[in-house]
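Written below as structure tokens is the structure these notes are about.
Residues: numbered from 1 along the sequence shown. Nothing here was measured: the structure is a model prediction, and the numbers come from that model.
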Amino acid sequence: MTSRSPRRAARPLTRTLAVTTALALTGSLAACSADDGGGEAAAGDLSGRTLKVAVYAGSWGESFNKAFVEPFEEETGATVELVPGGPADWLTALRSTKDGTPAYDVVAFTPNVIPSAVSAGVVAELDTARIEQFDQLNTVLAEQSNVGGTQYGVPLTVGSTGIAYRTDKVDEPPTDWSDLLDPAYCGHVAVSPLTFNTGVEFLAGLINEAGGTITNPDDVDAAFKQLETLKDCASTFPADGTSVETALSNGDAWVAAHWDGRAFVQQNAGEPIGFAYPASGSVGALTSLFVTEGTQEEELAYTFLDYVASSEYQPVFSEGTWYAASNDQNEYPAQFDEQITSGKGAYDDFVWVDYEAITPQLPDLQARWQEIFG
């Protein structure tokens, strides 16, 4: 894939996300929806209502707030409560509240937990006709939250899982996945568990580098033998993106499988963080938004997802996260557009983990990982 390097400065923020009610500009969204034949605001007054949305913390969540929450609140008079955390925790919370009031109305999930969320019945089938710009969303990205021919999620942000490293500790930048096994890094390697998607993506990267596939048991066995060489060298086991950032920032890890956009945000804030796109191929990283099954705020959720899918608001999110977003009609600032590949055809050559195929095997894979690092 094309090598990319960031230019725009951004400051990572870690405060807990809680969003309060903004002033309502009544009628503006309803008028827009009525004119365009889409959206949900025309169905009723949304002011005074609250939507609970589970998204990442840190710079990702702050950018999400600025790009989507602030204009949504201002134009509808509704309130969005952002709940920070990670996909595995959100899935657990939704399972525990199934058949009652769901823990969230809208939730951000990555591909590794989507099949489990669908089989657990905690996310609703998506009525794509209620998302005004759904037809403008990249079809490769939308396919990642299509399970058994049914669409469940609205793709938002896409990036690459590669190798983040400390530029002040690593003399020669890593070039491929197996470089994380280099004895020179022993005692300074972050290894994420397979309950977290970058852990699975690292495993998939090792397999792909060797010319195998994650659905082939022999190829998986060979990759686990490689992981065994890290048994006494792993220094930390971050189970979410923010924990990876923290491990790199405080020096607990010098190298880690990580997402390009979040590494770039750290780099642009002045931290000594570099990012390497593995020569054998980066693994596609994606976050999509889902309406939860049983939500009492379905109308509000669909109205909000109109903002999330919109080419008007997605570029604002991209500027803050250094991730491309899913709408193929997005217009980015020149500096961003020069560095980040996006739009139709941009993701066709990504290595995508077939989570629908491997999800039944994940408990066994996680147990094998635990035997090595537990």
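One side chain, Asp179 or Thr175, offers a donor N or O that lies under 3.5 Å from an acceptor on the other. The closest side-chain donor-acceptor pair between Ser249 and Gln266 falls under 3.5 angstrom.
Partners of Ser318 under the side-chain contact (heavy atoms from CB on, under 4.5 Å) rule, at least two apart in sequence or in another chain, are Ala325, Tyr332, Phe336. A search for ring pair (Phe, Tyr, Trp, His ring centres under 6.0 Å) contacts involving Tyr347 returns Phe350, not counting sequence neighbours. Considering only residues two or more places apart in sequence or on other chains, Ala108 meets the side-chain contact (heavy atoms from CB on, under 4.5 Å) condition with Val55, Trp90, Thr287, Leu289. Here Tyr313 pairs with Tyr307 under the ring pair (Phe, Tyr, Trp, His ring centres under 6.0 Å) rule; sequence neighbours left out.
Minimum heavy-atom separation, Ser145 to Ser288: OG-OG, 4.1 Å. Residues Ala164 and His258 approach most closely at CB-CB, 3.7 Å, considering heavy atoms. Among all heavy-atom pairs drawn from Ile131 and Ala309, the shortest one is CG2-CB, 3.7 Å. When all heavy atoms are compared, the tightest approach of Glu125 to Tyr302 is O-OH, 3.7 Å. Closest of all the heavy-atom pairs between Ala103 and Leu94 is N-CD2, 3.9 Å. A pairwise comparison of heavy atoms in Tyr185 and Glu172 identifies OH-O, 3.6 Å as the closest pair.
In this structure, Gln267 contributes its side chain and Ile273 its backbone to a donor-acceptor pair below 3.5 Å. For the pair Asn138 (side chain) and Asp328 (backbone), a donor-acceptor distance under 3.5 Å is absent. Counting only distance, with no hydrogens or angles, the side chain of Asp105 and the backbone of Thr295 share no donor-acceptor pair below 3.5 Å. With Ser282 contributing its side chain and Tyr277 its backbone, the two residues share no donor-acceptor pair below 3.5 Å. Between the side chain of Thr229 and the main chain of Lys225, no donor-acceptor pair closer than 3.5 Å is present. Here the side chain of Ser160 pairs no donor or acceptor atom with the backbone of Gly162 at under 3.5 angstrom. Checking side-chain atoms of Thr292 against main-chain N and O of Val122 turns up no donor-acceptor pair under 3.5 Å. The backbone N or O of Ser178 lies less than 3.5 Å from no partner atom in the side chain of Asp176, so there is not a single donor-acceptor pair. In this structure, Ser235 contributes its side chain and Asp252 its backbone to a donor-acceptor pair below 3.5 Å. Gln136 contributes no side-chain N or O that, together with a main-chain N or O of Ser311, makes up a donor-acceptor pair within less than 3.5 Å.
The side chain to side chain contact (heavy atoms under 4.5 Å, CB included) with Ile358 is formed by just one residue from the set Val353, Thr213, Asn112, Leu203; it is Val353.
One finds the OG1 atom of Thr303 at 9.0 Å from the CG atom of Leu51 (value rounded to the nearest 0.5 Å). One distance of note links CD of Glu331 with CD of Glu312; it measures 11.5 Å at 0.5 Å rounding. Within the model, atoms CD1 of Ile207 and CG of Asn216 stand 8.5 Å from one another, a figure rounded to the nearest 0.5 Å. Once rounded to the nearest 0.5 Å, the distance linking OG of Ser310 with CG of Leu137 reads 10.0 Å.
Contact annotation: the side chain of Thr79 approaches that of Glu73 to within less than 4.5 Å [non-hydrogen atoms, C-beta and beyond]. You'll find the side chain of Pro87 reaches within 4.5 Å of the side chain of Tyr56, heavy atoms only. Arg49 is listed as a side-chain neighbour of Glu299, based on a closest heavy-atom distance under 4.5 Å. Taking the side chain as every heavy atom from C-beta outward, Thr359 and Ser116 approach each other to under 4.5 Å. Residues Phe68 and Val53 fail the side-chain proximity criterion, which asks for heavy atoms closer than 4.5 Å. Contact annotation: the side chain of Val291 never approaches that of Asp127 to less than 4.5 Å [non-hydrogen atoms, C-beta and beyond]. Glu70 is listed as a side-chain neighbour of Asn65, based on a closest heavy-atom distance under 4.5 Å. No side-chain heavy atom of Leu305 sits less than 4.5 Å from a side-chain heavy atom of Phe134.
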- request: Report the C-alpha separation of Gln314 and Asn327 in whole Å, then their side-chain angles, then the decisive distance to 0.1 Å, and conclude whether the side-chain hydrogen bond (donor to acceptor under 3.5 Å, both in side chains) test is met.
  value: CA-CA 8 Å; Gln314 283 195 2; Asn327 195 309; 5.3 Å; no

- request: Begin with the C-alpha distance, continue with both residues' side-chain angles, and end with the deciding distance and a verdict on side-chain hydrogen bond (donor to acceptor under 3.5 Å, both in side chains) for Gln151 and Thr128.
  value: CA-CA 8 Å; Gln151 188 67 37; Thr128 59; over 6 Å; no

Derivation and outcome, side-chain hydrogen bond (donor to acceptor under 3.5 Å, both in side chains), residues Ser243 and Asp240: CA-CA 5 Å; Ser243 297; Asp240 56 68; 3.0 Å; yes

message: Working note: Ser47 + Asp45, criterion side-chain hydrogen bond (donor to acceptor under 3.5 Å, both in side chains); need CA distance, chi angles, decisive distance, verdict.
response: CA-CA 6 Å; Ser47 61; Asp45 183 11; 2.8 Å; yes

- request: Decide side-chain contact (heavy atoms from CB on, under 4.5 Å) for Glu201 and Trp259; before the verdict, give the C-alpha distance in whole Å, the side-chain angles of both, and the deciding distance to 0.1 Å.
  value: CA-CA 10 Å; Glu201 288 157 5; Trp259 299 311; 3.7 Å; yes

task: Show your working on side-chain contact (heavy atoms from CB on, under 4.5 Å) between Thr161 and Trp177 and close with a plain yes or no.
output: CA-CA 10 Å; Thr161 303; Trp177 294 106; 4.0 Å; yes

task: Could you go through the side-chain contact (heavy atoms from CB on, under 4.5 Å) check for Val118 and Val123 one step at a time?
output: CA-CA 6 Å; Val118 171; Val123 292; 4.0 Å; yes

- request: Determine, step by step, whether Phe72 and Leu300 satisfy the side-chain contact (heavy atoms from CB on, under 4.5 Å) criterion, reporting the C-alpha distance in whole Å, the side-chain angles of both residues, the deciding distance to 0.1 Å, and the verdict.
  value: CA-CA 10 Å; Phe72 173 79; Leu300 197 60; 3.7 Å; yes

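The ring-ring contact (aromatic ring centres under 6.0 Å, His included) contacts involving residues 155-174 comprise nothing, where partners must be two or more places apart or lie in separate chains.
The hydrophobic clustering, which links ILVMFWY residues whose side-chain heavy atoms are closer than 4.5 Å, places Val244 and Trp254 apart. Cluster membership for Val308 and Ile114, using ILVMFWY side-chain heavy atoms within less than 4.5 angstrom, is shared. Placement of Leu248 and Val189 in two distinct hydrophobic clusters is found when ILVMFWY residues are connected by side-chain heavy-atom separations under 4.5 Å, directly or transitively. Taking hydrophobic clusters as Ile, Leu, Val, Met, Phe, Trp and Tyr residues chained together by side-chain heavy-atom distances below 4.5 Å, Tyr355 does not share a cluster with Leu286. Criterion: ILVMFWY side-chain heavy atoms under 4.5 Å apart, direct or through other members. Under it, Val154 and Val106 are part of a common hydrophobic cluster.
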Please report, to 0.1 Å, the donor-acceptor pairs under 3.5 Å made by any side chain of residues 360-374, with sequence neighbours excluded.
| residue | atom | partner | partner atom | Å |
| --- | --- | --- | --- | --- |
| Gln366 | NE2 | Leu194 | O | 3.4 |
| Arg368 | NH1 | Asp221 | OD1 | 3.0 |
| Arg368 | NH2 | Asp221 | OD1 | 3.1 |

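Atom CG of Asp171 has 12 or fewer heavy atoms from other residues, nucleotides or ligands within 6.0 Å.
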